[in-house]
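Have a look at the structure below, then the notes.
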Amino acid sequence: MSEKRIAYNSQRRLAIIDQYISEGNYPTASFLAKKLECSVRTVQRDINEMILFYHAPIEARQGNGGYYYSDPTYFLKSVMLSEGELFSIALFDQLLKQYENTPLEENLRHTFEKITAGLPNSITVDSSFLKSNITYIPDLLPEINAKVFETVFSALQNHKTLSFDYRPLQKSSFMERKLDPYHAVCQKGNWYILGFCHDKNEVRVFNMSRIKNAEETNERFKVPDDFKPEDYFDKELGIWLSSKEKYKVKLLIDKEIGTFALERKLHSDQKITEKPDGSILVEFETTQLPEIKRWVLGQGKTVKVLNPPELVKDILSEIDSVKTLYK
């Protein structure tokens, strides 16, 4: 039998022993040995291990010698982890950087600490060794006020109207807004709230990082039965509310970055065709033309839009605007 299997059986035995002791029926070593199909000596060794490494308050009852916990609130905090799972826990501390702009970071860190606290004392998780071997580069995201974050989600859960001040992307000042929050979206680390805007009398999306002075009002609302979040964004590309219409996008990618095009998945429904000259044709449907425009412009001369005409026109207009900056 391999060492890994022996270690697993040992952990399983401890969990079963803990279960029987916690039930309060004063199990004896012989009783546990029979249930575990092992020797009494093995059970006694496991009991000693629980006391030594897990600080289990195990006592033996006078008379039959049955075991019990002197502290009835105790339970065995044991987590069986593989080497790969331990590595993932160590890496978790680095991955938390992705959420530094939200209150989620503190909540996730507390969860992380609870998980590691439940590990046996013989196992320690130290992510410091990763700092020299692995570099994690998170997106640089705008900070979200903790109170705003909590207020938005409270109103979302309670179906209460929100009032807040908001600064749109094109403005330098804040404007008062009232919103019935329908759905929250996290796109690439950025958090948005989607709902019915009282001022615009339509469904709008708001970036949480641009919200301040958020308050949950006493006004209640009901989410319309026909509301579907997917009608307002493409979860793979973006949440621009520029159109509900789906466009058939065709992109011709130069052979210069052909390998990159084959590796990268722009959309789960995309169709990829390799041309004889090495170029790549990528086709898919989406409502997110602004997001596609941003991506295409970022690729420069290596990507050409073939369809839809609206996107071609928009990109040409953007190029002309950029040219004026350098005249």
Side-chain angles (χ1 to χ4, degrees), residues 95-115 138-247 267-268 285-291:
L95 297 178
L96 278 178
K97 293 179 180 178
Q98 183 67 37
Y99 299 95
E100 285 182 343
N101 68 320
T102 75
L104 285 178
E105 189 215 357
E106 183 178 355
N107 294 335
L108 289 172
R109 194 170 295 283
H110 285 166
T111 302
F112 173 69
E113 291 171 355
K114 286 183 179 180
I115 291 174
D139 292 335
L140 298 177
L141 302 170
E143 184 177 353
I144 299 176
N145 180 274
K147 186 178 183 303
V148 167
F149 196 83
E150 293 169 1
T151 302
V152 168
F153 275 91
S154 176
L156 179 67
Q157 181 179 8
N158 297 326
H159 288 188
K160 295 286 189 69
T161 298
L162 276 170
S163 68
F164 54 84
D165 296 326
Y166 189 74
R167 184 172 64 189
L169 186 62
Q170 303 84 357
K171 304 288 184 178
S172 59
S173 58
F174 284 84
M175 302 178 179
E176 293 182 3
R177 289 288 182 265
K178 290 185 71 175
L179 180 78
D180 296 340
Y182 291 171
H183 193 81
V185 184
C186 180
Q187 183 209 13
K188 300 177 182 178
N190 286 294
W191 284 90
Y192 303 87
I193 186 67
L194 181 71
F196 180 78
C197 178
H198 290 217
D199 302 274
K200 299 298 181 181
N201 200 36
E202 63 180 358
V203 173
R204 288 288 185 101
V205 62
F206 295 87
N207 189 322
M208 290 193 197
S209 65
R210 300 189 200 127
I211 294 176
K212 72 175 185 178
N213 302 327
E215 292 184 3
E216 182 178 339
T217 71
N218 292 323
E219 301 175 38
R220 299 189 66 86
F221 67 88
K222 182 181 182 298
V223 179
D225 294 334
D226 60 351
F227 171 75
K228 296 179 181 178
E230 58 270 21
D231 288 343
Y232 297 91
F233 60 85
D234 184 331
K235 66 181 180 180
E236 298 176 62
L237 290 174
I239 60 165
W240 293 83
L241 293 182
S242 55
S243 173
K244 287 187 179 182
E245 178 184 354
K246 281 192 174 183
Y247 294 90
H267 204 280
S268 60
E285 290 188 350
T286 183
T287 61
Q288 302 298 304
L289 292 191
E291 194 69 27

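Not measured: the values here are computed from a predicted model.
The only option from Phe164, Trp191, Tyr192 that meets the ring pair (Phe, Tyr, Trp, His ring centres under 6.0 Å) definition with Phe149 turns out to be Trp191.
The two residues Met208 and Phe153 make their nearest non-hydrogen contact at CE-CE1, 3.8 Å. Here the closest heavy-atom approach between residue Tyr166 and residue Val205 is recorded as OH-O, 4.5 Å. Across His267 and Glu285, no two heavy atoms sit closer than the pair NE2-O, 3.6 Å.
With sequence neighbours left out, the side chain to side chain contact (heavy atoms under 4.5 Å, CB included) criterion links Asp165 to Phe174, Glu176, Lys212, Asn213. Remark: Thr217 pairs with no residue by the side chain to side chain donor-acceptor pair (under 3.5 Å) rule, at least two apart or across chains. Remark: Glu202 pairs with Arg204 by the salt bridge (Lys or Arg N to Asp or Glu O under 4.0 Å) rule, at least two apart or across chains. In terms of the salt bridge (Lys or Arg N to Asp or Glu O under 4.0 Å) criterion, residue partners of Lys222 (sequence neighbours excluded) are, by chain and number, Asp225. For Asn201, the side chain to side chain contact (heavy atoms under 4.5 Å, CB included) partners at least two apart in sequence or on another chain are Phe196. Applying the side chain to side chain contact (heavy atoms under 4.5 Å, CB included) rule to Ser209 yields the partners Pro142, Ile144, Asn207; only residues at least two apart in sequence or on another chain are considered.
Between the CD atom of Glu216 and the CD atom of Gln157 there is a distance of 9.5 Å, given to the nearest 0.5 Å. For the atom pair CZ of Arg167 and CZ of Arg210, the computed distance is 8.5 Å after rounding to the nearest 0.5 Å.
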Just distance, no hydrogens or angles: give the donor-acceptor pairs under 3.5 Å from side chains in residues 177-184, sequence neighbours left out.
from, atom 1, to, atom 2, distance (Å)
Lys178, NZ, Glu219, OE1, 3.4
Lys178, NZ, Glu219, OE2, 2.7
Asp180, OD1, Thr161, OG1, 2.7
Asp180, OD1, His198, NE2, 2.9
Asp180, OD2, His198, NE2, 3.3

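Distance alone, capped at 3.5 Å, is enough to place a donor-acceptor pair between the Thr151 side chain and the Lys147 backbone.
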